[in-house]
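Remarks on the structure that follows.
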Amino acid sequence: PRLPVELEIEPASEHREEKWRAEVPEEEVEARLKDCDDVIRDVRQTGLEILKKAQERQKTQYDLKHAGSFFRVGEQVLRKNMRRETRKGDKLAARWDGPFDVAEVLGKGSYKLCNSKGVVLKQRIATTRLKRFHAGDDDDPDPEPDA
């Protein structure tokens, strides 16, 4: 007994293959392959151009968001209160401490700060943990902690 699938798809015979080869001239096959190759190259080139444009857009967006703010010696800044994030409770504690003056720029986005008394703090502070202090800020920071 034969299955319905076997009835629909007959095995390829050599006769049929020879007949196909005789019907299609070799030049047409080569021309078609060359056209397909050209289309593939065009699509690949277009894809690379689109990818490059997308990467440039992503880079500009990243640079806009991650352009760190840089501070000069003598500027007043607020320092992020990291204790607030690591402790349970203290939901109402101030988010920022300060103001502090930038005492020294150490490079690569780190700074030494000094408090209003002129005492230089021991630890280095990263740019990501600082923000500019404006005298009229609504954030009323806690009094400065001692070094």
Side-chain angles (χ1 to χ4, degrees), residues 3-13 16-17 20-21 23-147:
L3 295 173
V5 175
E6 293 173 350
L7 294 175
E8 290 178 14
I9 305 171
E10 298 175 7
S13 65
R16 209 187 279 170
E17 204 171 300
W20 180 81
R21 285 187 184 168
E23 289 177 7
V24 181
E26 200 170 311
E27 295 84 25
E28 283 184 32
V29 173
E30 288 177 8
R32 179 70 178 142
L33 285 174
K34 187 177 181 304
D35 290 344
C36 289
D37 189 42
D38 291 342
V39 168
I40 289 172
R41 282 192 182 138
D42 290 344
V43 168
R44 187 175 291 148
Q45 187 64 32
T46 305
L48 288 173
E49 291 170 4
I50 291 171
L51 179 66
K52 190 171 184 177
K53 286 180 186 177
Q55 286 174 340
E56 288 172 3
R57 269 196 320 267
Q58 289 170 358
K59 183 186 180 327
T60 55
Q61 289 299 316
Y62 179 88
D63 290 345
L64 285 174
K65 284 188 174 187
H66 294 86
S69 51
F70 298 101
F71 307 105
R72 292 185 301 267
V73 174
E75 277 190 75
Q76 285 196 323
V77 295
L78 295 175
R79 179 181 66 179
K80 188 168 190 159
N81 184 359
M82 298 305 284
R83 292 182 124 196
R84 182 179 180 273
E85 293 181 10
T86 58
R87 292 187 175 180
K88 294 182 180 176
D90 272 349
K91 288 182 181 179
L92 302 177
R95 294 176 190 232
W96 298 91
D97 294 329
F100 296 95
D101 293 322
V102 176
E104 185 180 351
V105 179
L106 301 172
K108 293 192 176 182
S110 61
Y111 301 90
K112 285 266 188 176
L113 304 178
C114 65
N115 60 15
S116 61
K117 297 173 189 167
V119 178
V120 177
L121 303 180
K122 295 177 184 176
Q123 69 233 107
R124 298 172 163 207
I125 308 295
T127 306
T128 56
R129 293 181 51 204
L130 297 174
K131 76 174 185 178
R132 279 190 172 69
F133 173 72
H134 303 287
D137 275 350
D138 292 337
D139 262 344
D140 189 26
D142 283 343
E144 302 164 357
D146 291 330

Exercise. Between atom CG of L51 and atom NZ of K53, what is the distance when rounded to the nearest 0.5 Å?
Worked result: 12.0 Å

For this session: Taking all non-hydrogen atoms of both residues into account, name the closest pair between W96 and R129 and its distance.
Result: CZ3-O, 3.6 Å

For this session: Could you grab the distance from atom CG of D101 to atom NZ of K112, nearest 0.5 Å is fine?
Result: 15.5 Å

Exercise. How far does CZ of F71 sit from CD of Q76, to the nearest 0.5 angstrom?
Worked result: 12.0 Å

Exercise. How far apart are the closest heavy atoms of L113 and V102, and which atoms are they?
Worked result: CD2-CA, 4.0 Å

Seminar exercise, completed: Heavy-atom closest pair (A103 atom, V120 atom, distance to 0.1 Å) is CB-CG2, 4.3 Å

Exercise. Do the side chains of R79 and Q123 get nearer than 4.5 Å, heavy atoms only?
Worked result: yes

Exercise. Which distance, rounded to the nearest 0.5 Å, do you find between the CD of Q45 and the CD1 of I50?
Worked result: 11.0 Å

Exercise. How far does CD1 of I125 sit from NZ of K80, to the nearest 0.5 angstrom?
Worked result: 13.0 Å

For this session: Go through the steps for L64 and T60 under the test side-chain contact (heavy atoms from CB on, under 4.5 Å), then give the verdict.
Result: CA-CA 6 Å; L64 285 174; T60 55; 5.5 Å; no

Exercise. For R72, which residues count as a side chain to side chain donor-acceptor pair (under 3.5 Å) partner, sequence neighbours excluded?
Worked result: none

Problem set entry | Heavy-atom check, side chain of V105 versus side chain of Y111, under 4.5 Å | yes

Seminar exercise, completed: One should read off an interatomic distance between L130 CG and F70 CZ, to the nearest 0.5 angstrom, of 12.0 Å

